[in-house]
Every structure is written in C-alpha cells, then in structure tokens.
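All values derive from a computational prediction rather than experimental measurement. Numbers here simply count residues along the sequence, with the first being 1.
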Amino acid sequence: DAGRPGARGGGTELRAPAARPLGPGPRAVTLLLTTRGNLACAYCPQRRGAPRDMDAATLEAAVRLVAASGHPRPKLVLFGGEPLLAKALVWRALALLAASVRPGLVPDVHVVTNGLLLDEETAAFLDEAGVTIELSCDGLGAAQERRGAGTGAALRALLLHLARSRPRLLAERIVARLTVDSGNVGALGRSVAELRAAGVLEIRAAPVTTPDPGWNASSDDLLQRAL
C-alpha cells in the first residue's frame, strides 16, 4: 500500500515490469555428444581428461529448444569427439526432434563425423532423416594419413560407395570440413582437388582452433599458394 498514490507516506506507484514476449529462440545449437574419438588427432581439443558422453536430460532440453524455435530453419549440429561413437545419442536426438518439432518448422540437422564409422546402415538412416553429413578430414591422400594409416583410402572408398548407392546424398548433403594446420597446409590445394574428384561439391576450410606451434611465415606462403 505504501507505494500506491494517496496511501499514507505517498510515493510513486510500484508496478511489476511488463512480461517480455518470448524471443524467437535459438538460430543454431551445437551439441557435443561425446568427447570420445576413434582417432588420435593431435589438434583435437577433446583429448584432455577422461572421456564423457552428454547426459540424456541435457540432450533432450537442447533438442526441445530447437524444436520450439521461432526461426523457420534452426540448425542443430551433433558434434564430438566422434559422435557416431555415441550413436544412441544421435538416434535419440533425431527421434525427439521429429516427435516434438512445432508445425511448419524444418530444422537443418548436421552430424560432424570423420566418416570412418559411416557404414551403409548409418548412412541410410541419416539420409532418410534429411541430415547433412559434415565429413571432417584432412583430404583423401597423404595429408589424411596423419590422422591414421589407411584412413585416406577408407574415406575415398566411402565416397565412391556413396556415389553409387546414394548419389543425391553425396551431391546435396555431404560437406567436407577440410582441416587446415601447419602439417597439411601445403597439401590443401591437392586435397580440395581429391575431394572434388570423388564427387564432393561443398568443401569448407576448417582452421584448427587449438594452438599450432608449427605455423610460421612459410605456412602463410603455402596457404596463399593453395588459395
């Protein structure tokens, strides 16, 4: 009462602030499903500490944010480590999103994977769900071998298989995230050519975000030549 005009003591009327309208929600959400990896990339920031997977409650809360977003095409990125090592979480996220998405919303879902666990069953599931597969790699040749012996040949075989079995997926929803650091920058142009020859139409440079002590002026020159 004391704040009401005319009440004893006078003063300014106190009012609760008007409720703010809900915002449009997130435009993009990236989920780190697991810190586990099936390769030992030197530049991976997830190599520190004991491996962990995202808990179900966090996953569901984040997916529901995307499902209720006011943006017409919010982006959901499933990341790792290697997210296909936590395949059950990938399936859970996709199922929950499909079940709870508001009418008219068409989320843009991406899985970032090194591709080594992308077997036919998994590729078929992601393809049918309309998921874009971001293939994290260093190329298809010698540059990729730094990640693991034989991985370049394995990725080349994967892309050749997709060209035969799922050409539309390869043409429209396979994106190469080409890692760039001091150890592979000299092969960048060749790596792009290899990926293009294998049928990948969209290639994005992905500079490492961890410290790169080997990067120097010579690396700058190599990058300029590659570009």
Side-chain angles (χ1 to χ4, degrees), residues 26-49 51-52 54 62 74-86 90 108-118 126 131-156 158-159 170-227:
R27 194 181 298 272
V29 172
T30 297
L31 302 185
L32 182 64
L33 297 185
T34 181
T35 62
R36 292 180 287 149
N38 54 341
L39 293 175
C41 305
Y43 43 72
C44 179
Q46 309 306 334
R47 295 181 66 190
R48 306 170 186 169
R52 294 187 301 163
M54 176 173 281
K75 188 173 183 178
L76 175 64
V77 181
L78 305 178
F79 204 77
E82 171 49 57
L84 295 184
L85 285 173
V90 174
D108 181 19
V109 184
H110 292 232
V111 171
V112 181
T113 172
N114 58 37
L116 299 178
L117 301 178
L118 194 62
L126 296 176
V131 174
T132 294
I133 299 170
E134 297 196 25
L135 194 62
S136 175
C137 65
D138 289 13
L140 298 180
Q144 174 65 22
E145 293 300 295
R146 300 168 60 229
R147 290 201 181 195
T151 58
L155 290 182
R156 190 184 301 275
L158 168 67
L159 293 173
L170 178 61
E172 297 180 2
R173 285 186 284 110
I174 294 286
V175 177
R177 288 170 57 108
L178 195 55
T179 304
V180 181
D181 73 348
S182 59
N184 66 16
V185 64
L188 179 58
R190 185 165 63 254
S191 295
V192 169
E194 291 167 348
L195 288 163
R196 292 280 292 177
V200 180
L201 300 184
E202 184 172 349
I203 301 169
R204 301 177 184 172
V208 295
T209 56
T210 50
D212 187 357
W215 194 276
N216 53 34
S218 296
S219 307
D220 291 337
D221 292 340
L222 289 170
L223 178 60
Q224 290 303 319
R225 291 178 199 170
L227 293 176

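The distance from atom CG of Leu31 to atom CZ of Phe79, rounded to the nearest 0.5 Å, is 11.5 Å. Rounded to the nearest 0.5 angstrom, Leu227 CG and Leu188 CG are separated by 6.5 Å. Atom OG1 of Thr30 is separated from atom NZ of Lys75 by 7.5 Å, given to the nearest 0.5 angstrom. From Arg177, atom CZ reaches atom OG of Ser136 across 6.0 Å, with rounding to the nearest 0.5 Å. Leu117 CG to Asn38 CG: the interatomic distance, rounded to the nearest 0.5 Å, is 4.5 Å.
Arg196 places a side-chain heavy atom less than 4.5 Å from the side chain of Leu201. Leu118 places a side-chain heavy atom less than 4.5 Å from the side chain of Leu126. Contact check for Arg146 versus Thr179: no side-chain heavy atoms found under the 4.5 Å cut-off. Between Glu194 and Gln144, the closest side-chain pair of non-hydrogen atoms is not below 4.5 Å. Side-chain contact between Pro74 and Asp108: absent, with no pair of heavy atoms (C-beta onward) separated by less than 4.5 Å.
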Please determine whether side-chain contact (heavy atoms from CB on, under 4.5 Å) holds for the pair Leu195 and Leu159, giving the CA-CA distance in whole Å, both sets of side-chain angles, and the decisive distance to 0.1 Å. CA-CA 9 Å; Leu195 288 163; Leu159 293 173; 4.2 Å; yes
As a quick check of understanding, evaluate side-chain contact (heavy atoms from CB on, under 4.5 Å) for Asn216 and Ser182, giving each step before the final call. CA-CA 8 Å; Asn216 53 34; Ser182 59; over 6 Å; no
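In terms of heavy-atom proximity, Val90 sits nearest to Pro83 at CG2-O, 3.6 Å. Nearest heavy atoms, Leu140 versus Ala198: CD1-CB, 3.8 Å. Summarising the geometry of Asp220 relative to Trp215, their closest heavy-atom pair is OD1-NE1, 2.7 Å, with the distance given to 0.1 Å. Nearest heavy atoms, Gly81 versus Leu32: N-CD1, 4.0 Å. Of all heavy-atom pairs spanning Cys137 and Leu155, the tightest one is CB-CD1, 3.7 Å. Listed here is the closest heavy atom pair of Gly115 and Leu135: CA-CD1, 3.5 Å.
With hydrogens and angles disregarded, a donor-acceptor distance shorter than 3.5 Å links the side chain of Arg36 to the backbone of Leu85. Checked by atom type and distance alone, the side chain of Ser191 pairs as donor or acceptor with a backbone atom of Asp138 at under 3.5 Å. In this structure, Asn184 contributes its side chain and Ala143 its backbone to no donor-acceptor pair below 3.5 Å. Using modelled atom types, no side-chain atom of Thr132 and backbone atom of His110 make a donor-acceptor pair closer than 3.5 Å.
Residues satisfying the side-chain hydrogen bond (donor to acceptor under 3.5 Å, both in side chains) test with Glu145, not counting sequence neighbours, are none. Partners of Arg156 by salt bridge (charged side-chain N to carboxylate O under 4.0 Å, His left out), not counting sequence neighbours: none found. Listed by chain and number, the residues in a side-chain hydrogen bond (donor to acceptor under 3.5 Å, both in side chains) with Glu82 are Thr113, Asn114 (sequence neighbours excluded).
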